[in-house]
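What you see below is based on every heavy atom in this structure, not just the backbone, and it leaves out hydrogens, waters and symmetry mates.
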Amino acid sequence: MSNKAREESLVLGPGINSPSSPPRTVFPGGAGGGRVTSPRDYVAGGACPSKATIPGRTVIVTGANTGIGKQTALELAKRGGNIILACRDREKCEAAAKDIRGETLNPRVRAEHLDLASLKSIREFAGKIIKEEERVDILVNNAAVMRCPHWTTKDGFEMQFGVNHLGHFLLTNLLLDKLKASAPSRIINLSSLAHVAGHIDFEDLNWQIKKYDTKAAYCQSKLAVVLFTKELSRRLQGTGVTVNALHPGVARTELGRHTGMHNSAFSGFMLGPFFWLLFKSPQLAAQPSTYLAVAEELESVSGKYFDGLREKAPSPEAEDEEVARRLWTESAHLVGLDMAHGSSGRGHSISR
């Protein structure tokens, strides 16, 4: 797999390319009095209802060079945050940071290199943040891979499980001390409605035994995100750090490139109008992340799953405490996390 192909996959927001958009129509106000400006926005949900600002707070958004991640970073930059865009492609990340600085007039927006498909890169990024940043107030674990071919990370993990879950699992754990010292602070993990179809196969987490199923692998990775959120919340009780998971909605981003829908004539000509109506823009899909990051009424809410702007019960397996604990133990072993001290070891590469 080329570096370019892998980078193009490390963006968040389940969706497909946008068909040509029909003329926009103004509809009544969305959540919190925000305006939605098309039938699609009216169906998909409204703007973040909170008007809270975050001056002086440091925010990290992974996969922020495009799609929902970039829009989330932009929304939080508008609210005065010190924004760190963490992306694999430094050039694209720098361009995104420049765009956000120009649009928001917030000079405190910068790019940093982070490859979630590399444990080494994750440790280097975390080490730099710990050394250079006085605080970390908000961590938005946004980046993801969706239904890619049977690729593996640099450490031998199945790509979707490795990036969507293990990469953010290690990153979050390495930054926990900084987050605790900055409390009250927040962690936002982007999952997906697809988690309801997921199952954690502890006998073959990395698809080395059974035939690879890219859809099932994606669903497993997103279920893992919710389980990680639940267990992390339990461990963070009393620290002032909250963590919640969310499904941002189905958005038109680059993440759906491997589903085949981009190249389908049927999808383009027959389903295009329905896709336009039901699929969120990246800007609208960034509203739930923004809400969880800033809303004052959510300051003590933790361990929950949100579907858009509303709390919702996740799948039964996502609430299984035994599965969550076991997944934590397995994940810590795979990434070489020293569970006693919260630091990282060398990692455990697996056979392919």
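Atom CG of L76 is separated from atom OG1 of T53 by 11.5 Å, given to the nearest 0.5 angstrom. In this structure, CD on Q220 lies 8.5 Å from CG on L327, to the nearest 0.5 angstrom. In this structure, the separation between CG on L246 and OG on S289 is 4.5 Å, given to the nearest 0.5 Å. Atoms CD1 and CG, on I130 and D177 in that order, are 7.5 Å from each other to the nearest 0.5 Å. Atom-to-atom distance recorded for S302:OG and I187:CD1 is 8.0 Å, nearest 0.5 angstrom. In this structure, CD1 on I122 lies 8.0 Å from NE2 on H168, to the nearest 0.5 angstrom.
Side chain of R101 to backbone of V109: a donor-acceptor contact under 3.5 angstrom is found. A donor-acceptor contact shorter than 3.5 Å is absent between the side chain of S192 and the backbone of H195. A side-chain donor-acceptor contact under 3.5 Å links N106 to the backbone of A77. Side-chain atoms of S185 never come within 3.5 Å of backbone atoms of S182 as a donor-acceptor pair (strictly under, hydrogens ignored). With hydrogens and angles disregarded, a donor-acceptor distance shorter than 3.5 Å links the side chain of D204 to the backbone of Q208. Remark: the backbone N or O of A286 is paired with a side-chain donor or acceptor of T290 at under 3.5 angstrom. Judged by distance alone, the side chain of Q71 and the main-chain N or O of G67 form no donor-acceptor pair under 3.5 Å. Checked by atom type and distance alone, the side chain of N142 pairs as donor or acceptor with a backbone atom of G63 at under 3.5 Å. Not one N or O on the side chain of E112 forms a donor-acceptor pair closer than 3.5 Å with the backbone of F125.
Pairing each heavy atom of C48 with each of R79, the nearest pair is SG-NH2, 3.7 Å. Residues E317 and G198 come closest through the heavy atom pair OE1-O, 3.7 Å. Across H150 and N206, no two heavy atoms sit closer than the pair NE2-O, 4.3 Å. Considering all non-hydrogen atoms of both residues, A64 and C87 come closest at N-SG, 3.5 Å. What you find for C148 and Q160 is that their closest heavy atoms are SG-CG, 3.8 Å. Contact between A73 and I83 at its shortest, heavy atoms only, is CB-CG2, 3.9 Å.
In this structure, R235 forms a cation-pi arrangement with W328, its terminal cationic atom sitting closer than 6.0 Å to the ring centre and no more than 45° off the ring axis.
Residues H113 and C93 have side chains not in contact (no heavy-atom distance under 4.5 Å, counting atoms from C-beta outward). Looking at heavy atoms from C-beta onward, R325 lies in side-chain contact with E231 at the 4.5 angstrom threshold. When side chains are defined from C-beta on, I100 does not count as touching K78, because their heavy atoms never get closer than 4.5 Å. No side-chain heavy atom of I84 sits less than 4.5 Å from a side-chain heavy atom of V59. Side-chain contact between R186 and L179 is absent, with no heavy atoms from C-beta onward closer than 4.5 Å. Counting only heavy atoms from C-beta outward, the side chains of I188 and N244 never approach each other to under 4.5 Å. Side-chain contact check for L232 versus F169: every heavy-atom pair is 4.5 Å or farther apart. Counting heavy atoms from C-beta on, the side chains of I60 and I138 never come closer than 4.5 Å.
Taking the charged nitrogens against the carboxylate oxygens, R90 and E94 do have a contact shorter than 4.0 Å, which makes a salt bridge. In summary, D115 and R88 engage in a salt bridge, as defined by a charged side-chain N under 4.0 Å from a carboxylate O. Checked for salt-bridge contact, K230 and E322 miss the test: no charged N lies under 4.0 Å from a carboxylate O. Look at K215 and D213 and you find no salt bridge, because none of the NZ, NE, NH1 or NH2 atoms lies under 4.0 Å from a carboxylate O.
The hydrophobic clustering, which links ILVMFWY residues whose side-chain heavy atoms are closer than 4.5 Å, places V225 and L193 apart. Transitive grouping of hydrophobic side chains (ILVMFWY, heavy atoms separated by less than 4.5 Å) brings L190 and V301 into a common cluster. Cluster membership check: L176 shares its hydrophobic cluster with F228, using side-chain heavy-atom separations under 4.5 Å among Ile, Leu, Val, Met, Phe, Trp and Tyr. L227 and V196 end up in different hydrophobic clusters when Ile, Leu, Val, Met, Phe, Trp and Tyr side chains are linked at under 4.5 Å. Hydrophobic clustering of Ile, Leu, Val, Met, Phe, Trp and Tyr side chains at less than 4.5 Å, counting indirect connections, keeps Y212 apart from F161.
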Carefully, step by step, assess R326 and E203 under the rule salt bridge (charged side-chain N to carboxylate O under 4.0 Å, His left out).
-> CA-CA 12 Å; R326 183 178 177 186; E203 302 306 315; 3.7 Å; yes
Run the side chain to side chain contact (heavy atoms under 4.5 Å, CB included) check on T62 and L171 step by step: do they pass?
-> CA-CA 10 Å; T62 68; L171 174 65; 3.8 Å; yes
Does the side chain to side chain contact (heavy atoms under 4.5 Å, CB included) test come out yes or no for T104 and L74, once each step is laid out?
-> CA-CA 7 Å; T104 65; L74 186 148; 4.1 Å; yes
Check against side chain to side chain contact (heavy atoms under 4.5 Å, CB included), N164 and M159 = CA-CA 8 Å; N164 300 353; M159 184 64 71; over 6 Å; no
Does the side chain to side chain contact (heavy atoms under 4.5 Å, CB included) test come out yes or no for S300 and T242, once each step is laid out?
-> CA-CA 7 Å; S300 61; T242 63; 5.7 Å; no
Mind listing the side-chain donor-acceptor pairs of residues 305-315 below 3.5 Å, one per line with the distance, residues two or more places apart or on another chain?
from, atom 1, to, atom 2, distance (Å)
D307, OD2, K312, NZ, 3.4
S315, OG, A318, N, 3.3

Sequence neighbours left out, cut at 3.5 Å: what donor-acceptor pairs do the side chains of residues 291-299 make with other protein atoms?
from, atom 1, to, atom 2, distance (Å)
Y291, OH, E297, OE2, 3.4

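With sequence neighbours left out, the side-chain contact (heavy atoms from CB on, under 4.5 Å) criterion links E132 to R110, K128.
Within 6.0 Å of NZ in K178 there are more than 12 heavy atoms belonging to other residues, nucleotides or ligands. The environment of NZ in K211 is sparse: at most 12 heavy-atom neighbours from other residues, nucleotides or ligands sit within 6.0 Å.
T58 and N82 form a side-chain donor-acceptor contact under 3.5 Å, judged by distance and modelled atom types alone. For the residue pair N141 and T172, a side-chain donor N or O sits within less than 3.5 Å of a side-chain acceptor on the partner.
Between L166 and the choices L334, D155, T153, the side-chain contact (heavy atoms from CB on, under 4.5 Å) rule is met once, by L334.
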